[in-house]
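Below: the structure, in structure tokens.
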Amino acid sequence: MNLNYSDEQLMLQEQIAKFCSADYSFDKREKIIANSLGHSIEIWNQFAELGWLALPFSEKNGGLDFGPIELSILFEEFGKALVVEPYLSTVVMSGYLLDNSSVDSSALIEEIISGTTHVSTAYVEANSGYDYLNPQTQILNGKLNGNKSIVLNAKHAKYFIVSASDNSEMLIALVAADAAGVSFNSFRTFDGQTCGDVSFENVDISENAILFKGDEAIAALNEMINYATLCVSAEAVGCMSETVKKTVEYTKERQQFGVPISSFQVLQHRMVEMFMEAEISKSLLIKSMLQLNSKDPNALKTLSSLKAQIGKSGKFVGQEAVQLHGGMGVSNEMSIGHYLKRLTAIDSQFGNRSYHIKKFMHL
Amino acid sequence: MNLNYSDEQLMLQEQIAKFCSADYSFDKREKIIANSLGHSIEIWNQFAELGWLALPFSEKNGGLDFGPIELSILFEEFGKALVVEPYLSTVVMSGYLLDNSSVDSSALIEEIISGTTHVSTAYVEANSGYDYLNPQTQILNGKLNGNKSIVLNAKHAKYFIVSASDNSEMLIALVAADAAGVSFNSFRTFDGQTCGDVSFENVDISENAILFKGDEAIAALNEMINYATLCVSAEAVGCMSETVKKTVEYTKERQQFGVPISSFQVLQHRMVEMFMEAEISKSLLIKSMLQLNSKDPNALKTLSSLKAQIGKSGKFVGQEAVQLHGGMGVSNEMSIGHYLKRLTAIDSQFGNRSYHIKKFMHL
Amino acid sequence: MDINFSKEDLAFRQEVKDFLANKYPKHVKEKQEKGISLTKQDMIDWHKSLYEQGWAGYNWPVEYGGTGWSPIQIYIFQNELAHAQCPTILPFGLNMVGPVIYTFGSQEQKDKYLPDILQFNTWWCQGYSEPGSGSDLASLKTKAVKEGDYYIVNGSKTWTTLAQNADWIFCLVRTETTQKKQEGISFLLIDMKTPGIEVKPIITIDGDHEVNSVFFTDVKVPVENLIGEEGQGWTYAKFLLMHERFGIAGVPNQIFSLKKLKEITKGRIDDDLQREIAEYEIELNALEFTELRSLAALANGSHPGAESSILKIKGTELQQWLTDIYVRSAGQYILPYEGPDGFDSNSVPSGPEYSHTAVSRYLNFRKTSIYGGSNEIQKNIIAKAILGV
Amino acid sequence: MDINFSKEDLAFRQEVKDFLANKYPKHVKEKQEKGISLTKQDMIDWHKSLYEQGWAGYNWPVEYGGTGWSPIQIYIFQNELAHAQCPTILPFGLNMVGPVIYTFGSQEQKDKYLPDILQFNTWWCQGYSEPGSGSDLASLKTKAVKEGDYYIVNGSKTWTTLAQNADWIFCLVRTETTQKKQEGISFLLIDMKTPGIEVKPIITIDGDHEVNSVFFTDVKVPVENLIGEEGQGWTYAKFLLMHERFGIAGVPNQIFSLKKLKEITKGRIDDDLQREIAEYEIELNALEFTELRSLAALANGSHPGAESSILKIKGTELQQWLTDIYVRSAGQYILPYEGPDGFDSNSVPSGPEYSHTAVSRYLNFRKTSIYGGSNEIQKNIIAKAILGV
């Protein structure tokens with residue numbers, strides 16, 4: 001047993017942390033969100049140059065073949081800086097499906113790695129809740145019909161990866177966003193990102209656009225969600241530790257009754273509780289990424305425990321941070337409320353606390 | 001709407017409070033518990049003289065015909081002083097069944113009111129949990145057979161009131177404790193009272209010993225449990241308010257770091273939270289006793305909400321009180337831990353928080 | 001003791017119901033039911049309908065044009081309004097400055113301000129908090145220096161709710177620098193049209209523009225706008241804070257919101273969610289009866305005291321809990337965000353309708369445990385005033 | 001990073017398993033499995049079996065007769081012991097005074113005390129708390145006045161665990177009255193047979209006699225029983241408190257206890273209970289890995305620091321939670337009370353077996369958030385040492 005990052009991992013962490021603190025200030029983030037795109041092409045290109053977009057892809061597809069540990073490192077740092085760029089959607093989610101399909105997607109992956117192309121995975125439907133294995137969307141006779149919800153970064157996707165059913169088994173298909181019959185509405189999300197409703201009406205699907213079929217489709221979708229779950233959990237851990245740090249700093253500066261409010265014992269203990277929540281969440285993150293990395297038989301149970309804990313701890317840390325910031329906590333100008341927003345969003349994604357406790361109980 | 005006690009009710013409250021503070025000190029209680037009986041005959045006789053043992057009985061049976069409000073007043077004061085005398089068992093539970101049976105029990109009730117006789121109701125079985133409507137105990141061909149658990153004050157009962165089944169309907173029978181075939185083992189309870197396992201082996205039951213049959217038996221048992229639930233809830237409210245009071249007093253006296261520990265903000269807020277829990281519990285107690293009194297259609301739902309709240313608030317108040325007393329809190333010599341014990345016992349009786357939340361949801 | 005409403009109370013409730021059925025402005029009603037934001041004029045129409053019914057001063061004594069209702073009547077009134085999904089009755093005039101004026105103001109001030117407050121001819125806002133004075137309100141720095149017939153006011157106020165709509169602001173200002181910070185504070189009424197006042201929006205985390213910063217630069221305020229005595233402002237402020245907490249538990253709105261939540265989640269098999277809703281409901285019942293106990297005490301002649309702090313704390317905790325249950329019951333469909341100008345697409349996102357407002361409400365309600373004296377301050381108050389520690 | 005045990009660790013684990021299978025005293029094992037209280041001799045037999053295996057000093061360096069195990073090995077060892085339901089290894093000699101003696105004691109003291117500690121020839125107890133000094137330990141008043149070759153000790157200690165069995169007590173005593181209360185404290189070893197010592201039982205709310213008051217009246221203690229320097233006792237005490245917290249989270253025992261609870265509640269339809277157990281299990285997993293992270297840091301050469309306060313707080317919170325779940329899952333069958341002398345009837349009450357011990361354990365565990373530095377004190381430590389506020 002060895003719980004220390006390797007030198008390579010430490011270097012990666014340092015690189016990301018340095019980038020975020022130098023090039024991703026909260027003010028800059030606010031400007032990025034305010035632009036019509038909702039994220040920054042410039043930043044995305046920097047990600048490409050730094051090689052981050054290649055991180056999880058297999059070597060045969062031009063990637064670095066990094067796994068759960070490195071992704072967790074990346075997302076923990078992203079969480080600290082509240083990065084809004086659609087790494088999760090394009091690289092982790094769509095990337096996983098493209099990289100692991102038996103259909104050769106190396107050209108498209110090359111575009112992703114170079115930063116020129118976004119791909120979004122459309123697997124949620126308006127009535128699906130967290131059950132993504134029973135899509136109402138259908139592919140029959142080479143035609144795709146159906147509606148998808150909460151498609152992350154839909155607006156910028158050159159392709160959609162779509163889950164569907166042919167009435168006997170599950171299919172996962174790659175569809176060009178500009179194909180005839182594809183339309184979408186894009187929405188801002190409350191945490192500074194974008195998502196969309198995407199409709200498919202009699203869209204032609206050729207046989208070689210089917211990335212996965214049947215059990216393989218189910219396995220790929222499950223595995224993709226697992227990776228995404230780990231990533232947002234790591235992001236939440238980053239959000240939490242940064243939130244605690246900022247709250248401690250704020251209370252040291254903020255004076256009331258002639259003293260810094262950090263001198264009030266009630267606030268001190270509250271911050272200690274926040275700190276402990278962040279720490280125990282981090283513990284489950286480490287356990288989870290290591291078990292996923294070593295393909296431990298308990299890995300999925302641990303992953304559900306992590307996501308469940310994140311839901312509870314994230315809410316506590318985020319809410320208390322706002323409370324301890326007082327009026328400033330509810331002001332949109334301050335970063336602190338945005339951590340609460342992102343933590344709230346993360347709990348809702350890929351199964352919330354309640355969902356994962358049930359999963360934990362049945363695994 | 002009028003939420004003020006009547007003058008008569010205020011007088012009753014004052015009388016009980018005066019008695020408890022003058023004649024029921026914690027030291028005296030400890031001596032009462034230590035004696036072999038587990039309660040005080042002298043105190044019981046005083047209850048009789050003060051007329052309290054007559055309180056809930058109907059006038060036709062020599063009682064005062066007082067209802068939920070007066071019983072709540074009595075038990076709230078009992079809770080403050082941690083009274084261990086078996087009022088609940090003899091007067092409330094057995095008393096209700098005797099008073100409401102169509103079989104004339106006026107002679108036995110007279111004995112109860114005069115303080116000479118105890119009667120215990122045996123309705124729990126080893127495997128029944130909180131479901132008391134499906135007894136395994138049977139009455140067939142005039143013979144009672146079965147085993148009852150957690151029979152309060154079993155040791156001193158001259159009679160048992162026993163729930164049973166004749167394989168087609170429920171029966172409630174009155175059985176002399178010295179009848180052939182009746183045997184029992186008595187145990188101290190952790191909250192300073194006593195209970196017993198009672199066995200019935202081929203005990204003769206005459207037709208006029210059957211107090212209730214069928215739907216009437218079910219209704220009587222339900223109603224008896226409702227009364228008992230209200231009483232212990234009122235007792236818990238008394239326990240809580242006294243616990244808060246004692247904790248505030250203790251923290252004002254206890255010096256650490258050169259100051260009374262009541263000056264620490266964390267402890268102040270904790271006591272405020274304890275106080276609030278006691279207050280909202282009291283609110284539901286008032287709502288509940290009034291609704292039971294006016295036979296409001298929502299009375300049972302409110303009663304379940306009260307018992308559920310008592311479970312949560314009582315635990316919080318009791319545990320925090322011990323914690324704030326530090327080492328003294330876990331010392332058996334101090335009263336404070338005994339409030340925690342009684343509050344813990346009360347949650348377990350007549351359905352705990354979990355049970356009553358479910359009941360609340362389905363009513 | 002009697003839990004039932006008296007015959008008179010029941011008749012009164014019917015009267016309120018009749019008003020709501022017949023005289024509650026239809027256009028306001030429609031918007032409220034559809035969840036559409038109200039305009040300033042809608043709010044004025046709503047308040048004027050109450051005035052025309054004679055109910056604007058629902059918590060005022062009869063001599064100042066109020067109803068003189070008993071606490072139980074006020075409770076019934078508020079319940080019925082919440083049940084009918086009426087807009088909030090804005091507190092700034094009716095619950096805050098109004099009672100201060102009729103309690104501490106001069107006859108001229110009463111004559112000048114009270115009728116307009118009742119008729120909602122003037123929209124008031126509250127100038128209490130400052131950037132440096134939140135929980136420590138008494139440390140406020142906005143200065144008012146007397147020069148002839150005027151006070152010259154300089155400084156700034158913050159978190160000023162709906163200042164963008166306001167005609168008048170009532171302010172705590174420092175007229176003297178004293179040893180004890182609670183002294184030297186005065187209570188001043190200021191016309192928002194006076195030169196030198198600037199209102200800047202503060203956007204809150206739910207994206208809304210509800211609160212503002214208000215800046216005062218050499219603002220000339222006639223001395224006759226001073227309430228009571230110079231330097232006694234803190235006394236009036238405390239009086240007002242007590243009144244502000246009346247009804248702050250927000251029980252009627254929560255009952256309504258709970259009812260909707262139960263409809264939304266009906267038949268869903270999330271046992272834990274259903275159970276949590278029951279747990280919430282139990283505590284809400286407890287809070288409601290705690291408020292009734294306090295109303296009963298008021299009706300018995302006692303003054304609102306530190307008990308109102310319990311209602312503030314528990315009320316806001318439960319409100320926040322409820323908005324959180326809404327968020328969690330909506331799952332991932334909470335993500336698309338409807339800003340103050342609607343969705344940034346012409347279409348409404350998929351997913352259940354309530355999911356589109358769940359997060360905004362959740363975020364908006366974070367403030368409730370901060371404003372009106374943060375819950376931490378309320379606990380300090382209870383510790384001192386009730387527990388005596 | 002690697003989550004798996006190394007080959008060496010696995011071999012080590014097997015070694016521990018073998019010991020438990022073959023050399024763990026049978027009579028102790030039987031009593032443990034049946035839940036029968038151990039006698040003093042049982043405890044001695046248990047510790048001696050560890051000594052004979054060479055494992056008594058499981059957390060001691062090799063040079064003092066310890067195993068020199070890595071933190072991970074200690075973790076494995078403790079886990080296996082808990083899994084086999086072994087008795088606690090008493091901390092007073094091995095975890096507390098032992099490390100103080102080998103770190104700060106003289107060669108003579110090491111020679112005199114350490115072998116007996118390892119062999120469990122002497123039973124130690126801890127003289128820290130006093131009636132007036134709980135959380136504020138440094139305010140202790142027990143006095144030791146030097147007269148010739150002796151200290152004359154007067155005062156009293158309280159909450160002294162198992163003092164009734166102890167041969168020796170290590171005490172913090174005041175040798176000087178100083179400005180700063182942390183100064184002037186010394187660390188003294190006292191033979192319990194010395195005249196003038198009186199031990200009086202304290203019965204705790206679970207009915208047990210585990211702790212005591214210890215009174216000192218003119219007790220003559222040879223000066224050579226002083227550890228280190230006079231006046232430096234506070235330094236040694238802090239060192240010891242850090243070590244005391246090692247393993248205080250009690251994870252292995254909780255894992256075992258959880259396993260039993262799951263067996264007990266298997267198949268029961270209380271959804272909410274099952275869910276709560278899952279919630280508990282998740283937090284226990286988190287705590288376990290938090291402890292592993294801190295062990296990894298230790299193995300990397302860092303010293304136990306304020307992080308151990310997290311383990312203390314979370315560990316005791318979870319232990320208390322677990323005992324509470326036991327109580328609630330047993331319903332009303334918790335009522336009959338088995339005192340230290342058994343039930344006061346010859347029969348065992350009806351109801352599930354675990355219900356008879358549930359409340360005693362629940363009540364017994366209330367102390368864990370109070371002793372060893374209350375959880376409030378731990379939070380103060382974290383606030384200061386980690387958050388810097």
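Values below: every heavy atom of this structure, side chains too, minus hydrogens, waters and symmetry copies. In what follows, chains are A, B, ... by sequence order, proteins preceding strands, each numbered from 1. All figures in this text were calculated on a predicted structure; none of them were measured in a lab.
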Contacting region of I72(C) [heavy-atom separation from chain B under 4.5 Å]: side chain
Engaged part of M361(B) at the chain C interface, taking heavy atoms whose separation is under 4.5 Å: side chain
Over 12 foreign heavy atoms within 6.0 Å of CD, E263(C): yes
Check: Q268(B) side chain, S262(B) main-chain N or O, donor-acceptor pair, under 3.5 Å: yes
Chain C contact via Y5(B) - which portion, at a heavy-atom distance below 4.5 Å: both
Ion pair check, K314(C) and E277(B), cut-off under 4.0 Å: yes
Residues of residues 9-20 of chain C within contact distance of chain B, non-hydrogen under 4.5 Å: D9(C)
Winner by heavy-atom pair count (cut-off under 4.5 Å) against chain C, out of H269(B), E273(B), E279(B), K252(B): H269(B)
Donor-acceptor under 3.5 Å (Y87(B) side chain, W52(B) main chain): yes
N-O pairing of E283(C) and K312(B) below 4.0 Å: yes
Interface residue of largest heavy-atom contact number with chain C, from K358(B), K282(B), M289(B), Q291(B), under 4.5 Å: K282(B)
Pairing residues for Q13(B) by the side-chain hydrogen bond (donor to acceptor under 3.5 Å, both in side chains) criterion, not counting sequence neighbours: none
Winner by heavy-atom pair count (cut-off under 4.5 Å) against chain B, out of T290(C), I313(C), I277(C): T290(C)
Greatest number of heavy atom pairs closer than 4.5 Å to chain C - which of L3(B), V244(B), I286(B), T302(B): L3(B)
Residue part contacting chain C, namely of T247(B), when any heavy atom lies under 4.5 Å: neither
CA sep, side-chain torsions, deciding dist, call: L88(B), F78(B), side-chain contact (heavy atoms from CB on, under 4.5 Å): CA-CA 11 Å; L88(B) 182 75; F78(B) 278 4; over 6 Å; no
Under the side-chain hydrogen bond (donor to acceptor under 3.5 Å, both in side chains) test, residues paired with S6(B) that sit two or more places apart: Q9(B)
Portion of E249(B) that has a non-hydrogen atom of chain C nearer than 4.5 angstrom: neither
Ring-face cation of R366(C) near Y362(C) (centre distance under 6.0 Å, axis angle within 45°): yes
Salt bridge (charged side-chain N to carboxylate O under 4.0 Å, His left out) partners of K301(B), counting only residues at least two apart: none
